[in-house]
Engineer: 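This structure is in structure tokens; I'll ask about it shortly.
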Amino acid sequence: MQLDYSILKHLSDNDNGKFVDITFILDDYKALNKKLEELRGKNMILVDENSVRDFELFGIGNDRRRSIKAKIKMNGRIYFHTLKARNEITGSNENKKNRWSLSYFF
């Protein structure tokens, strides 16, 4: 759940209509790829297939970490906002601050 939120937050914050590099959100490259495949299967993100290049002809092995670029879709935005609304990630302290600021006006 936390990784979903991290990926979608990064994509939402940096959304300019282009693909955004998300390679270094998590150190575990395999877990990141697994989560991206899951989000792509749920139709929440688009992953740029052209960002992966094969440099074996130049003497560089394919066992290196590759750049992953993705873009958020509307379903991903809706899911991201429901995660924020449920307070599963942000915690309840944010709501307390909002309530205090509203009570100041009354």
Side-chain angles (χ1 to χ4, degrees):
M1 186 76 65
Q2 180 71 23
L3 185 56
D4 291 348
Y5 181 79
S6 300
I7 292 170
L8 293 175
K9 179 172 176 29
H10 181 74
L11 290 176
S12 180
D13 290 345
N14 298 315
D15 186 28
N16 59 1
K18 298 179 182 178
F19 286 98
V20 178
D21 187 21
I22 57 171
T23 308
F24 298 105
I25 289 179
L26 185 67
D27 289 335
D28 188 6
Y29 190 71
K30 290 181 181 180
L32 180 64
N33 275 331
K34 183 179 175 184
K35 187 55 75 173
L36 288 175
E37 288 298 321
E38 181 182 321
L39 289 173
R40 189 197 307 174
K42 293 180 181 177
N43 201 19
M44 293 186 195
I45 63 170
L46 289 173
V47 177
D48 186 16
E49 298 294 332
N50 295 330
S51 65
V52 178
R53 294 192 175 103
D54 186 14
F55 290 113
E56 196 162 323
L57 294 174
F58 299 107
I60 301 172
N62 285 330
D63 57 344
R64 67 190 180 351
R65 180 180 277 202
R66 297 179 178 173
S67 175
I68 303 171
K69 294 184 179 181
K71 189 185 328 184
I72 193 166
K73 294 175 90 174
M74 188 55 72
N75 290 344
R77 287 189 187 284
I78 292 169
Y79 181 64
F80 172 66
H81 289 295
T82 56
L83 285 177
K84 281 176 81 173
R86 282 193 223 157
N87 288 329
E88 291 180 0
I89 305 299
T90 57
S92 61
N93 290 336
E94 187 174 309
N95 281 343
K96 289 180 183 178
K97 289 178 186 176
N98 288 340
R99 288 182 188 150
W100 280 107
S101 63
L102 288 175
S103 66
Y104 177 75
F105 291 110
F106 292 114

Engineer: Do you know which two heavy atoms are closest between L32 and I68, and how far apart they sit?
Structural biologist: CD2-CD1, 4.3 Å
Engineer: With salt bridge (charged side-chain N to carboxylate O under 4.0 Å, His left out) as the test, pick out the partner of E38 among K34, R40, K35.
Structural biologist: K35
Engineer: Measure across T23 and Y29 and return the closest heavy-atom pair with its distance rounded to 0.1 Å.
Structural biologist: CG2-CE1, 4.3 Å
Engineer: How long is the gap from CZ on F80 to CG on D4, to the nearest 0.5 Å?
Structural biologist: 11.5 Å
Engineer: Under 4.5 Å between side-chain heavy atoms, counting indirect links through other Ile/Leu/Val/Met/Phe/Trp/Tyr residues: same cluster for L39 and L46 or not?
Structural biologist: no
Engineer: Between I45 and L8, is there a side-chain heavy-atom distance shorter than 4.5 Å?
Structural biologist: yes
Engineer: Rounded to the nearest 0.5 Å, what's the gap from CD1 on I22 to NE2 on H10? Could you check?
Structural biologist: 7.0 Å
Engineer: If you look only at pairs with a residue in residues 14-25, which of them pass as a salt bridge (Lys or Arg N to Asp or Glu O under 4.0 Å), with sequence neighbours excluded?
Structural biologist: D15-R77
Engineer: What residues form a side chain to side chain donor-acceptor pair (under 3.5 Å) with K71, not counting sequence neighbours?
Structural biologist: none
Engineer: For the residue pair K42 / N75, report whether a side-chain donor-acceptor contact shorter than 3.5 Å exists.
Structural biologist: no
Engineer: First locate atom NZ of K73, then atom CD1 of I78, and finally report the distance between them rounded to the nearest 0.5 Å.
Structural biologist: 12.0 Å
Engineer: Enter the distance from L36:CG to I25:CD1 here, rounded to the nearest 0.5 Å.
Structural biologist: 8.0 Å
Engineer: Compare every heavy atom of L3 with every heavy atom of A31, then report the nearest pair and how far apart it is.
Structural biologist: O-CD2, 4.1 Å
Engineer: From N14 CG over to F19 CZ, what is the distance, rounded to the nearest 0.5 angstrom?
Structural biologist: 14.5 Å
